[in-house]
2 protein chains.
Amino acid sequence: MSLTYAILSALMSAPRSGYDLAKRFNPSVEGSVGFFWNASFQQIYRELNRLEAHQWLQAESVQQENRPDKRIYSVTAMGKQQLCQWIAESEEMAPLKDDLLVKLYAGYLVPHQTIVAKLEAHRQQHQQRLAIYHEIKHQYFPNPQTLSKTLKFQYMTLLRGIHYETGWLAWCDEIMQLLT
Amino acid sequence: MSLTYAILSALMSAPRSGYDLAKRFNPSVEGSVGFFWNASFQQIYRELNRLEAHQWLQAESVQQENRPDKRIYSVTAMGKQQLCQWIAESEEMAPLKDDLLVKLYAGYLVPHQTIVAKLEAHRQQHQQRLAIYHEIKHQYFPNPQTLSKTLKFQYMTLLRGIHYETGWLAWCDEIMQLLT
DNA sequence: CAAGATTATTCACTTAGTTGAATATACAAT
DNA sequence: ATTGTATATTCAACTAAGTGAATAATCTTG
């Protein structure tokens with residue numbers, strides 16, 4: 001269950017409330033973990049309670065003015081150890097698992113225009129996302145050679161996003177030519 | 001539930017038994033749907049029974065010599081209609097959801113060598129997969145311009161795989177330089 | 001002051017996916 | 001003869017993920 005470790009990773013860089021975490025895992029909020037892992041707020045809170053019960057996390061209640069109180073979660077020594085152990089384990093290649101590919105595979109069953117419209121809509125979204133990645137790169141990682149260790153690893157995941165979206169767009173252009 | 005439609009798509013190109021389908025959805029069997037969608041044989045059989053009950057599929061029992069009998073499933077008119085309807089629906093961008101990226105994000109917590117070794121192992125697997133894709137391309141799609149409609153769509157999904165793996169390898173090489 | 005937005009969290013229900021075990025036929029190898 | 005492998009399928013238990021609804025405090029706006 002990678003959500004467990006995705007949460008631990010996110011909380012390692014900074015303790016946060018469930019609410020703040022949930023925002024970062026929300027796919028519609030730009031520029032956060034949500035780009036390569038997402039989860040609903042219900043999922044996050046459920047997992048936080050589970051991890052607190054296992055003592056991988058500890059929570060501190062924080063009284064707030066002007067808004068409801070909250071609980072700030074941070075990773076315990078045990079949680080950190082578990083995270084490191086998980087990182088060291090080997091993992092399978094992640095499958096693509098993309099609805100669009102399944103649809104394309106059976107694309108001969110529907111009107112041509114249905115598929116073309118779909119690809120154009122996705123193309124726009126991927127282009128937007130690539131633009132966001134580039135913006136993050138320029139804003140937070142202008143000089144990749146001089147990054148701290150922590151930031152360097154975050155930068156590498158950002159680069160993955162950039163390569164992924166670039167590859168997606170190149171593919172889209174190539175198949176559009178086949179379709180027209 | 002995309003497995004439903006992935007199964008329908010696979011059975012649209014040719015009626016098959018659960019056993020044959022399961023092989024095609026097996027991630028460790030090379031050169032099939034399993035590259036962009038996978039499922040265990042238990043999942044497949046469960047889903048086939050569900051779809052037969054809904055009359056999206058029909059089954060025909062086939063007596064065999066030299067091996068156990070089997071049931072061949074094919075898509076009904078209703079199943080085909082449901083598949084086409086699903087294809088026409090809009091879909092979200094698929095998230096990356098890759099354990100390796102979560103691990104990389106928190107990579108500063110473990111020895112450098114742990115991450116480098118992981119990337120090298122993955123690099124080899126991705127390179128192998130790319131080689132398989134290229135082989136399929138040369139063997140089944142030597143002349144992309146002259147493909148039947150059905151094969152053209154399959155070819156487009158293959159191209160996605162090629163772009164994906166090419167992008168992955170380019171990314172890997174780029175971050176390896178950052179790591180060393 | 002009522003209505004709506006934002007912050008903050010929980011509970012219950014349902015669907016989807018994973019894992020272990022079991023059953024049965026037939027062939028091939030030891 | 002027995003063990004192992006390939007074909008072919010089912011059942012049960014469990015974990016993980018997704019969805020809908022609810023509660024509650026506080027701030028903003030008409």
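None of these values were measured; they are calculated from a predicted model. Within every chain, numbering begins at 1; the chains are lettered A, B, ... in the order of the sequence lines, protein sequences first and strands thereafter. As a basis for the values below, the full set of heavy atoms in this structure was taken, side chains included, without hydrogen atoms, waters or symmetry mates.
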| said: Going by side-chain contact (heavy atoms from CB on, under 4.5 Å), name the residues that satisfy it together with A:T157, two or more places apart in sequence or in a different chain. | reply: A:F36, B:L101, B:L104, B:Y105
| message | If the condition is side-chain contact (heavy atoms from CB on, under 4.5 Å), which residues does A:Q139 pass it with, not counting sequence neighbours? | response | A:E135
| query | Who passes ring-ring contact (aromatic ring centres under 6.0 Å, His included) against B:Y155, sequence neighbours left out? | reply | B:F141
| query | Does any pair with a residue in residues 92-114 of chain B pass salt bridge (charged side-chain N to carboxylate O under 4.0 Å, His left out), and if so which ones, sequence neighbours excluded? | reply | A:E91-B:K103
| query | Does B:R46 have any side-chain hydrogen bond (donor to acceptor under 3.5 Å, both in side chains) partners at least two apart in sequence or in another chain, and if so, which? | reply | none
| remark: B:E60 meets the side-chain hydrogen bond (donor to acceptor under 3.5 Å, both in side chains) criterion, sequence neighbours left out, with none
Please write out each protein N/O paired with an N/O of nucleotides 7-11 of chain D under 3.5 Å, distance rounded to 0.1 Å.
residue	atom	partner	partner atom	Å
D:dT7	OP2	B:Y19	OH	2.7
D:dT7	O5'	B:Y19	OH	3.3
D:dA8	OP1	B:Q64	OE1	3.1
D:dA8	OP1	B:Q64	NE2	2.4
D:dT9	OP1	B:R71	N	2.6
D:dT9	OP2	B:G18	N	3.3
D:dT9	OP2	B:Y19	N	3.1
D:dT9	OP2	B:Y45	OH	3.1

| request: Could you check how far CG of B:L3 sits from P of D:dG18, rounded to whole Å? | output: 15 Å
| said: Using whole Å, what does the distance between atom C1' of nucleotide D:dT15 and atom CD of A:Q43 come to? | reply: 12 Å
| message | For chain B and DNA chain C, what are the first and last nucleotides along the strand, 5' to 3', with at least one atom under 4.0 angstrom from a heavy atom of the protein chain? | response | C:dA16 to C:dC27
| task | Could you tell me whether B:R160 sits above the aromatic face of A:Y164, with NZ or CZ closer than 6.0 angstrom to the six-membered ring centre and within 45 degrees of the axis? | result | yes
| query | Who passes salt bridge (charged side-chain N to carboxylate O under 4.0 Å, His left out) against A:R16, sequence neighbours left out? | reply | none
